[in-house]
Protein chains: 2
Amino acid sequence: MTTRPRASTEEVYARVRADLLGGVYAPGERLKSTPLCETYGASVSVIRETLSRLTEQGLVESEPRIGFRVRQVSVDDLRHLTSARIDIESLALRYAIERGDMTWESEVVAAHHRMERTPMLTADAPPRVSDEWEAAHSGFHGALLDGAQNPWLLGIATTLRDAGEFYRRWSQVHEPGRDVAGEHREILEATLARDADRAVRALAQHYQHTADILERALAERDVAQNS
Amino acid sequence: MTTRPRASTEEVYARVRADLLGGVYAPGERLKSTPLCETYGASVSVIRETLSRLTEQGLVESEPRIGFRVRQVSVDDLRHLTSARIDIESLALRYAIERGDMTWESEVVAAHHRMERTPMLTADAPPRVSDEWEAAHSGFHGALLDGAQNPWLLGIATTLRDAGEFYRRWSQVHEPGRDVAGEHREILEATLARDADRAVRALAQHYQHTADILERALAERDVAQNS
DNA sequence: TATTCAGAGATTTTCGAATATCTCTTGTTT
DNA sequence: AAACAAGAGATATTCGAAAATCTCTGAATA
């Protein structure tokens, strides 16, 4: 959100994407070019190109001649997304476990360690999930799949992860009783043991659990909005 | 490749994409803005936005400050693509068979019929695979998956199909002995019988068969180029 | 001879103004 | 009162020129 003069498309793209994933813009919110130009210190063509690319990724929606808006969220969409994500990440994880070398293993362990050592919640009241932890979390799941070595599969997984992160960030929910660290540890152990079935089961449960919580939050919000 | 004045981004995008899939541009070929502006009768910003979007889809590659070029092809990439495609389309086909309704069934049958009734080869010498058949073929495979009803999955499948079509179009190979129609019929029958395992097996074999042929053509071309 | 450097030309990238389109308000007609 | 039409303002879209950057050539230097 910092305002700087002169910015290349690549940079603006990265910043808008980060802001989108960081929950700066609400789902469905219109993304008008003029304000965005000022915010990111770029001209209309740069903003337009950025939004085009993000549309292709599904983070932004475009109605030609009307404008761009942040992707809408809905329970249905979340279900579809979760299903696709579990299916595809499971595939990738299986390949990774089958083919991943030692470098990959080390990266996974390192990413896990980084996540464990990053405090999940901020000191704010009410506490929010910290940006650092979100990044480390994303990094861990990315590292898990990297062993699959199929750029197509990894690209797809990244797109889906981004969309998922958007849901997660937007509904800053936190389930007190949940043992997230334990879930991650289980995935890590099964992966290192090269036990694909167990790892995939743990991964699927992890995502499904998150999705269930998000779905509940989403339903509540819908009820609140309609009243 | 038709030259018309005044074109909206959406239209230019569709035309460039079609030309890319239609084999008008060679893999690795540079896509310079000035010639493209003239070809499509649009200004540089429109072209740029189009290429950006296609880059996001993997049909075009971009090196910032250097330019855009048509996606490179390689045996390795083809293998990755084929693997991802088989895995993901299999998933989608299973969902479609599980959940598809009668409308879906009818669409599948209709698309198959359309493909069967379209002549595969042109009257040229040497005969080429006709554009109409390619479109019908793509339509059939698309119809198969549509029953899955998961927009995320379908979007991904489309992206991968586009990339595959690019390979297919570019290396206009035709295996005389191959019974493509039979392969399609097998997929269709298994699908209508709601026999997921059999349908998925047939689909995977179909794609693998195509990929093997393409790979051979690609390897030959590489040898020819390096001499 | 190999390497470096300068500069011309080609190309990409960015910009902001000009144009086209949409949206909402207000007034008119039925 | 309802439906429609006109117009003002907001906004998206397109354009082509200006600026930044890259690439290639050929001469100067070690």
Q: Quickly work out the A:R69 CZ to C:dC22 C1' distance and round it to whole Å.
A: 13 Å
Q.
Tell me whether the side-chain N/O atoms of B:T9 come closer than 4.0 Å to OP1 or OP2 in D:dT14.
A. yes
Q: Classify the angle between the aromatic ring planes of B:H137 and B:H206 as parallel (below 30°), tilted (30 to 60°) or perpendicular (above 60°).
A: perpendicular
Q. Taking A:R169 as the fixed residue, which of A:D19, A:D162, A:D131 is the one that meets the salt bridge (Lys or Arg N to Asp or Glu O under 4.0 Å) rule?
A. A:D131
Q.
Can you work out whether A:V44 or B:V44 has the more 5'-proximal nearest nucleotide on DNA chain C?
A. B:V44
Q: Give the rounded distance in Å between these two atoms: CD of A:E63 and C1' of C:dT21.
A: 14 Å
(Q) Can you list everything that forms a side chain to side chain contact (heavy atoms under 4.5 Å, CB included) with A:P35? Sequence neighbours excluded, please. (A) A:K32
Q.
Reading DNA chain D from 5' onward, which residue's closest nucleotide shows up sooner: A:G67 or A:S45?
A. A:G67
**Q.** Carboxylate-amine/guanidinium contact B:R117 B:E132, below 4.0 Å
**A.** no
(Q) Without decimals, in angstroms, what is the distance between A:E38 CD and C:dG16 P? (A) 12 Å
**Q.** Selection: residues 47-61 of chain B, any non-hydrogen atom under 4.0 Å of DNA chain D
**A.** none
**Q.** Worked verdict on A:V70 versus A:V60 for side-chain contact (heavy atoms from CB on, under 4.5 Å)
**A.** CA-CA 5 Å; A:V70 182; A:V60 166; 5.8 Å; no
Q. If you check every side-chain atom of A:F68, which of D:dT14, D:dA12, D:dT13 has the closest atom?
A. D:dT13
Q. How are the rings of A:H184 and A:F140 set relative to one another: parallel (under 30°), tilted (30 to 60°) or perpendicular (over 60°)?
A. perpendicular
Q.
For a quick test of reading the model: is some side-chain N or O of A:S33 closer than 4.0 Å to OP1 or OP2 of D:dA12?
A. yes
Q. Under 4.0 Å between a side-chain N or O of A:R65 and OP1 or OP2 of D:dT14?
A. yes
Q. How many Å lie between CD1 on B:I66 and P on C:dA10, as a whole number?
A. 19 Å
Q.
Working note: B:I88 + A:L153, criterion side-chain contact (heavy atoms from CB on, under 4.5 Å); need CA distance, chi angles, decisive distance, verdict.
A. CA-CA 9 Å; B:I88 288 170; A:L153 218 46; 4.0 Å; yes
Q. Of the candidate nucleotides D:dA12, D:dG16, C:dT14, which contains the atom at the shortest distance from the side chain of A:K32?
A. D:dA12
(Q) If the cut-off is 4.0 Å, is A:R30 near the phosphate of D:dA12, judged by side-chain N/O to OP1 or OP2? (A) yes
